[in-house]
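In what follows, a single structure is set out as structure tokens and then discussed.
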Amino acid sequence: MNSSSNPGLIPDFASNISPHSASNVAPDVVVVGAGLIGLAIALELNDRGASVTVVDHGRSLSEASTAAAGMLAVDDPHNPPELAALSRLSSQRYPAFLRRIEALSGIAVPFQTETTVQYMADGTTMRLAEHSIDPRQLAAALLAAVKATPIRLLEKTRIAAADDTLHGMQLRLSSGVELSSRALIYAAGAWTSEVMTTLHSDSISIAPRKGQMLRVRLPSALPLDEVHRSERVYIVPRTRGPQAGTALIGATVENAGFDTTVRTEDLDSLRALAAQLLPAFASATEAPLVESWAGLRPATPDGLPVLGACARTGQFIASGHYRNGILQAPATALVLADLLDGKPPSVDITALSPNRFARS
Ligand code: GLY
């Protein structure tokens with residue numbers, strides 16, 4: 001990965017790449033978190049020749065990655081301006097990201113919509129050329145893609161200890177297995193702070209921010225193929241795949257810890273907000289409920305992601321994507337791989353640096 005003139009943050013990374021065929025080799029990189037962000041990073045690093053292990057305390061892609069609505073909301077006027085460059089890069093990278101996943105998995109993930117109708121507070125609307133995807137379709141394809149690579153995926157596994165060594169770190173897994181690794185990337189979504197605290201790394205506050213959501217059958221008189229979104233609610237139709245003919249209505253934004261209870265009164269409020277945009281959604285007869293759930297967005301104190309090197313040598317963080325994790329996965333993977341590769345990232349990530357939370 002490295003050029004000799006630019007040695008990279010992980011010394012001798014390229015020259016120490018382990019043969020992919022061996023199952024018990026020391027990984028170059030361990031990623032904590034098998035959500036969309038963690039697996040996108042793993043795939044990018046694998047494609048650049050690194051040996052990668054991903055560790056997750058639960059099951060892959062089972063949290064925010066599959067709770068999301070899947071809007072690639074690159075032009076949402078309510079997004080913080082500091083997100084614009086990363087969002088734009090990610091949106092440009094999406095077709096290549098999906099092609100790579102399809103090449104590995106044989107599963108095509110189609111865009112569900114190509115336009116978003118954005119409702120502004122002054123009563124006007126504008127049409128944005130944005131896409132959406134079905135995150136569950138993406139998850140199935142991504143998992144199959146990762147399994148088609150030499151990436152080692154260890155589910156239901158925690159890292160119990162990480163000790164610095166001369167060439168990187170020694171990790172002890174909850175299974176009792178010991179691994180030596182050159183780099184550790186924290187990408188555990190809403191659990192990132194917990195993992196970092198356990199391993200005595202920098203303490204960056206990333207809190208769960210709950211979002212409840214419902215999926216309803218599309219009213220028969222409303223063959224919707226555009227996202228409709230205001231600052232308070234969005235309606236995201238599924239036009240292809242297993243969810244075609246339905247629409248998601250989301251989402252609450254709550255500080256409720258790790259609680260994922262779904263409350264009927266909150267679903268009713270979301271439906272009422274949706275009906276302000278498209279009245280047919282008011283009726284549970286016209287738009288019957290299919291399912292409901294809640295997910296946990298990883299939120300930082302300033303609402304921006306945290307991307308970059310931690311104070312502890314060889315440790316990196318890619319988390320806190322809050323409401324835009326699905327959109328920002330491909331660019332986040334590029335940025336992290338560039339950092340490990342010793343290259344300047346393709347976008348300015350100064351505003352997203354972990355250093356911004358350092359105590360002065
Ligand atoms: N990305 C939409 C949400 O966070 O509700």
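In listed order, ligands and their atoms are each counted from 1.
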Practice problem: Please could you name the atoms of ligand 1 that Ala251 approaches to less than 4.0 Å, counting only its heavy atoms? | Solution: 5 (O)
Quiz item: What class does the angle between the rings of Tyr94 and Phe111 fall in, given that below 30° is parallel, 30 to 60° is tilted and above 60° is perpendicular?
Solution: tilted
Self-check item: Sole residue of Leu36, Ile349, Leu327, Leu307 in side-chain contact (heavy atoms from CB on, under 4.5 Å) with Thr332
Solution: Leu307
Quiz prompt | Test item: side-chain donor near acceptor, Glu254 and Gln212, under 3.5 Å | solution = yes
Quiz prompt | Residue, atom name and distance, where the atom is the protein heavy atom closest to atom 1 (N) of ligand 1 | solution = Arg323 O, 2.7 Å
Quiz item: Which atom pair, heavy atoms only, marks the closest approach of Pro354 to Ile317?
Solution: CG-CG2, 3.6 Å
Quiz item: Which ligand 1 atoms are under 4.0 Å away from a heavy-atom of Arg297?
Solution: 3 (C), 4 (O), 5 (O)
Quiz item: Which residue owns the protein heavy atom closest to atom 2 (C) of ligand 1, what's the atom, and how far is it?
Solution: Tyr234 OH, 3.3 Å
